[in-house]
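Have a look at the structure below before the remarks.
Values in this document were obtained by computation on a predicted structure and should not be read as measured data. In the text below, chain A, chain B and the rest are named by the order of the sequence lines, each starting its count at 1.
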2 protein chains.
Amino acid sequence: MAASATRRRDWAKGANHALREAGHRAGGAREAVVELLSKQSCCLSAQELCDRLGEQGSNVGLASVYRALDLLHGMGLVQRVDLGDGNLRFEPIQPGGEHHHHAVCDSCGRVTAFEDERLESALERLAGRLRHSINAHEVVIHGSCGRCSSSSGAGA
Amino acid sequence: MAASATRRRDWAKGANHALREAGHRAGGAREAVVELLSKQSCCLSAQELCDRLGEQGSNVGLASVYRALDLLHGMGLVQRVDLGDGNLRFEPIQPGGEHHHHAVCDSCGRVTAFEDERLESALERLAGRLRHSINAHEVVIHGSCGRCSSSSGAGA
DNA sequence: CGTTAAACGAGAATCAGTCTCACTAGGCGG
DNA sequence: CCGCCTAGTGAGACTGATTCTCGTTTAACG
C-alpha cells in the first residue's frame with residue numbers, strides 16, 4: 001500500500017511541523033517517537049514503543065515516550081486506544097479523518113483493525129443529535145476472532 | 001421511569017438466580033454488589049461501588065467488589081466500560097440486549113449516556129462482515145458536553 | 001563560544017487492580 | 001440443633017502501567 005505509506009510519512013512531517021509551530025524544540029526522543037509511530041499500521045503501547053526504539057539503538061526513556069505521547073495527544077495528533085487489557089495504546093490520527101477501529105479476541109487476545117463506512121456515518125449523524133461535540137470516537141468490539149471461533153466454538 | 005426500574009430489579013433477581021445456578025453461595029458482599037449495581041442507571045467504578053456500600057453500612061472489601069464484578073462479567077451479566085481515564089467501570093447488561101454508550105466531556109469529565117438505533121444496526125451488520133464474532137461492543141465518544149461547548153467554545 | 005531553558009533518562013512515587021491468607025459463615029449430613 | 005467443610009470475605013501485600021521529580025544534556029539563539 002504505497003498510498004498509505006505516503007500518508008504516514010505525511011503524518012510524521014505534519015506532526016513535526018506542528019510541534020515546531022507550537023514552540024517545541026527538536027528533541028531526539030520525541031522525533032524518534034513520531035517517526036516510529038508513523039510507521040505503525042495499528043496501535044502500540046508506550047512500552048512497546050520504548051522497546052522498539054531500544055532495539056533500533058535509540059535509547060529513549062519510557063518517561064520521554066509518555067511525555068511525547070501526551071504532548072501529541074494534547075495536540076490532537078495521536079489517539080489513545082484502550083482495549084481493556086490495562087494498557088493504553090496510541091496511534092496516529094490521520095488528518096483526513098480516515099481511521100479504523102479495533103476488534104479484540106477475548107480468547108487469544110489478538111487485535112484486529114477494521115473500518116466500516118456505515119459505522120462512521122452513524123456516528124456522524126449522531127453528532128447532530130447529541131448535545132455533545134465529537135472530537136474523537138472509539139469503537140471496541142469484543143468477541144472471538146475467526147481462528148478461535150472455528151477451533152473452540154463461541155469461546156467464552 | 002417505572003419500566004426501567006422494573007427491568008433493573010429483574011436484572012438483580014436474574015443475576016442472583018444465575019449465581020445460584022452456577023453453584024455459588026449467597027454471600028453478603030456479592031449480593032450487596034449486585035443490588036447496588038442494579039440500582040445504577042450508568043456505569044460505576046469498583047472504588048465507587050465500594051465507597052457507596054460503605055456509606056450504606058455494608059462494610060465490603062474492595063477485593064470482594066472486584067471478585068464479584070469479575071464473576072458477573074465472566075457470566076455475561078455485567079459489562080466493563082473503559083472511558084480512558086484509567087478507571088474501569090461496570091454496569092449491568094440488560095438481558096434484552098438494549099444498552100447505551102457513553103460520551104465523555106474532555107473539559108469537565110462529565111459522562112453522558114446515549115442510545116442510538118442506527119449505531120446498533122451498523123454494528124449488527126458489521127458482525128456479518130467481520131471474521132470475528134461480537135459478544136460485546138463499546139462505543140466511547142470524546143468531545144465537549146453541551147455545557148462546556150457553549151461556555152468555552154469547542155473545548156480542546 | 002556562552003547562556004538559557006526545554007528536553008531528556010533514570011528511577012521514585014502513585015494508584016488501579018490482583019493476589020494471598022487467615023477468618024467467617026452458608027449449606028448440608030448426622 | 002450441632003459440627004464439618006469449603007466458598008466467600010476483608011485487610012493488606014503485591015504488581016505493573018503511568019506519572020512525577022530531579023539532575024544532566026543539548027537545541028536555539030545571540
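- For the pair B:Asp85 CG and D:dA17 C1', the computed distance is 14 Å after rounding to whole Å.
- The distance from atom CZ of B:Arg80 to atom P of C:dA16 is 16 Å, rounded to the nearest whole Å.
- Contact annotation: A:Ser64 side-chain N/O to C:dA7 OP1/OP2 distance is not under 4.0 Å.
- No donor-acceptor pair under 3.5 Å is formed between the side chain of B:Trp11 and the backbone N or O of B:Lys39.
- Looking at heavy-atom distances under 4.0 Å, B:Ala29 makes contact with sugar-phosphate atoms alone, never a base.
- Atom-to-atom, CG of B:Leu62 to P of D:dA11 comes out at 10 Å; the value is rounded to the nearest Å.
- Remark: C1' of C:dA16 and CG of A:Asp82 are 13 Å apart, rounded to the nearest angstrom.
- For D:dG8, the OP1/OP2 oxygens have a side-chain nitrogen or oxygen of B:His24 closer than 4.0 Å.
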Do B:Arg129 and A:Asp116 pass the salt bridge (charged side-chain N to carboxylate O under 4.0 Å, His left out) test, and can you show the C-alpha distance, the side-chain angles, and the key distance before you say yes or no?
CA-CA 10 Å; B:Arg129 212 170 326 149; A:Asp116 189 66; 2.7 Å; yes
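- Distance CZ (B:Arg25) to C1' (D:dC4): 11 Å, rounded to an integer number of Å.
- Taking 3.5 Å as the limit, the base of D:dG10 and the side chain of B:Arg67 contain a donor-acceptor pair of atoms between them.
- Note: B:His99 and B:His137 meet the aromatic proximity criterion, with ring centroids under 6.0 Å apart.
- Rounded to whole Å, the distance from CZ on A:Arg20 to P on C:dA7 is 11 Å.
- The existence of a salt bridge linking A:Arg52 and A:Glu48 is excluded, since no basic side-chain nitrogen approaches an acidic carboxylate oxygen closer than 4.0 Å.
- Within the 4.0 angstrom heavy-atom criterion, no nucleotide atom of any strand lies near A:Gly23.
- A close approach under 4.0 Å does occur between a side-chain nitrogen or oxygen of A:Asn59 and OP1 or OP2 of C:dA10.
- As a whole-Å value, the separation of A:Leu69 CG from D:dA17 P is 15 Å.
- Within 4.0 Å of B:Ala63, counting heavy atoms only, lies at least one base atom of the nucleic acid.
- Comparing A:Val65 and B:Gln47 by the nucleotide of DNA chain C that holds the closest heavy atom to each, the one mapping nearer the 5' end is A:Val65.
- In this structure, B:Leu49 places its CG atom 11 Å from P of C:dG17, rounding to the nearest Å.
- Side-chain atoms of B:Ser133 come within 3.5 Å of backbone N or O of A:Ser144 as a donor-acceptor pair.
- For D:dG8, one of the phosphate oxygens OP1 or OP2 lies less than 4.0 angstrom from a side-chain nitrogen or oxygen of B:Arg30.
- OP1 or OP2 of C:dG17 sits under 4.0 Å from a side-chain N or O of B:Tyr66.
- Contact annotation: A:Arg89 side-chain N/O to D:dA17 OP1/OP2 distance is not under 4.0 Å.
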